2 protein chains.
Amino acid sequence: MELENELKVWRARRDITQAQLAEAVKLSRQTIHSIERGKFVPSVLSALKIAAFFGTNVEAIFFARRDER
Amino acid sequence: MELENELKVWRARRDITQAQLAEAVKLSRQTIHSIERGKFVPSVLSALKIAAFFGTNVEAIFFARRDER
DNA sequence: TCATAATGTAAAGAGTACTTGTCATTATAT
DNA sequence: ATATAATGACAAGTACTCTTTACATTATGA
């Protein structure tokens, strides 16, 4: 089960940088960058903070894709 | 920022045990138990699986409570 | 009472989220 | 061209998620 996300899209909608998002949700820029690039699966707390910042819910940003084979 | 959850309530609604939930979402019973008791903050993937199982969204189960003081 | 199921607690180990720091690459604008 | 901002990559270290195993406690029911 992989995790995908549309963080980049949401940032584009709001026209904010990774650094600005990081600051807003109190995470480091590297963490935002890594999440955005799918380097790792964030905690639900990080996800909740990000979703809240964008005024949406977690499911609108993060998607569990069942691994195809 | 603390994390609270209503896992126990949702389990009660569906009348299923920790073990049944664990099996359904492919997590160990200990993990379900620990999440339920707030022992740690789960990954967003775990949260998504649990929310999907209950047919709801993450925000309906997990709450970020800003530490009051 | 006795058996069984469900929940709670604990501990060790593996894997990983997240931070801080540093540097390279790419875009934007003057 | 060159300065600056934004993004991308990498690495070391700390803290924590999650699994497995094992055992204790509490509920339920015959």
Side-chain angles (χ1 to χ4, degrees):
Chain A
M1 193 110 101
E2 287 281 311
L3 186 73
E4 299 187 343
N5 73 82
E6 286 195 349
L7 247 191
K8 198 166 191 165
V9 175
W10 281 93
R11 276 202 306 108
R13 280 193 189 115
R14 296 296 201 277
D15 192 26
I16 60 169
T17 68
Q18 293 177 344
Q20 289 171 328
L21 175 57
E23 149 115 72
V25 299
K26 302 292 182 206
L27 288 173
S28 71
R29 184 182 69 85
Q30 295 315 315
T31 296
I32 295 298
H33 177 256
S34 295
I35 292 173
E36 195 165 302
R37 305 225 97 208
K39 295 274 188 178
F40 56 66
V41 175
S43 74
V44 70
L45 194 47
S46 298
L48 282 170
K49 287 195 225 168
I50 293 170
F53 173 80
F54 286 122
T56 187
N57 58 357
V58 171
E59 281 84 353
I61 304 179
F62 296 94
F63 312 92
R65 184 193 49 163
R66 36 187 348 93
D67 21 30
E68 71 292 334
R69 79 181 52 85
Chain B
M1 194 111 103
E2 287 281 312
L3 186 73
E4 299 186 344
N5 73 80
E6 286 196 350
L7 247 192
K8 197 164 192 167
V9 176
W10 281 92
R11 276 201 308 108
R13 278 193 190 115
R14 296 296 200 279
D15 192 25
I16 60 169
T17 68
Q18 293 176 344
Q20 288 170 330
L21 175 57
E23 149 116 72
V25 300
K26 301 294 182 207
L27 288 174
S28 72
R29 183 181 71 82
Q30 295 316 314
T31 296
I32 295 297
H33 177 256
S34 295
I35 292 173
E36 194 165 303
R37 306 224 98 209
K39 295 274 189 178
F40 55 66
V41 175
S43 74
V44 69
L45 195 47
S46 299
L48 282 169
K49 288 194 224 168
I50 293 170
F53 173 80
F54 285 122
T56 186
N57 59 357
V58 172
E59 281 83 353
I61 304 179
F62 297 94
F63 312 92
R65 184 191 51 161
R66 39 185 344 92
D67 19 33
E68 72 296 329
R69 88 178 33 88

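Model, not experiment: these values are computed from the prediction. Lettering follows sequence order; numbering is per chain, from 1.
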Quiz item: Counting N and O atoms only, with roles assigned by atom type, does the side chain of A/Glu59 sit under 3.5 Å from a partner on the main chain of B/Leu48, one being a donor and the other an acceptor?
Solution: no
Quiz item: To the side chain of B/Ser28, which of D/dT20, D/dA9, C/dG8 is closest?
Solution: D/dT20
Quiz item: Looking at C/dT19, D/dT17, C/dA17, which one has an atom nearest to any side-chain atom of B/Val41?
Solution: D/dT17
Quiz prompt | Phosphate OP1/OP2 of D/dC18: any B/Ser46 side-chain N/O under 4.0 Å | solution = yes
Quiz prompt | D/dT7 phosphate, OP1 or OP2, under 4.0 Å from A/His33 side-chain N/O | solution = no
Quiz prompt | B/Val58 side chain reached by A/Asn57 side chain, heavy atoms, under 4.5 Å | solution = no
Separation of atom [atom1] in [X] from atom [atom2] in [N], rounded to whole Å:
X: A/Leu27; N: C/dT16; atom1: CG; atom2: P; value: 20 Å
X: B/Phe40; N: D/dT17; atom1: CZ; atom2: P; value: 6 Å
X: B/Arg37; N: D/dC18; atom1: CZ; atom2: P; value: 18 Å
X: A/Arg11; N: D/dT7; atom1: CZ; atom2: C1'; value: 8 Å
X: A/Leu21; N: D/dA6; atom1: CG; atom2: P; value: 13 Å
X: A/Glu36; N: D/dG8; atom1: CD; atom2: C1'; value: 11 Å
X: B/Asp15; N: D/dT28; atom1: CG; atom2: C1'; value: 13 Å
X: B/Ile35; N: C/dG8; atom1: CD1; atom2: P; value: 14 Å

Self-check item: Residue whose nearest DNA chain C nucleotide is more 5′ - B/Lys39 or B/Thr17
Solution: B/Thr17
Quiz item: Where each residue is assigned the nucleotide of DNA chain C containing its nearest heavy atom, which of A/Val44 and B/Lys8 is assigned the position nearer the 5′ end?
Solution: B/Lys8
Quiz item: Does any N or O donor sit under 3.5 Å from an N or O acceptor when you compare the side chain of A/Arg29 with the base of D/dG8?
Solution: yes
Practice problem: Under 4.0 Å between any heavy atoms, over every strand shown, what does B/Ser43 touch: base, sugar-phosphate, or nothing? Just pick one. | Solution: sugar-phosphate
Quiz item: What does A/Gln18 touch in the nucleic acid at a heavy-atom separation under 4.0 angstrom: a base, only the sugar-phosphate, or nothing?
Solution: sugar-phosphate
Distance check, rounded to the nearest 0.5 Å: [X] atom [atom1] versus [Y] atom [atom2]?
X: B/Arg37; Y: B/Asn5; atom1: CZ; atom2: CG; value: 11.0 Å
X: A/Phe40; Y: A/Leu3; atom1: CZ; atom2: CG; value: 11.0 Å
X: B/Ser34; Y: B/Leu27; atom1: OG; atom2: CG; value: 11.0 Å

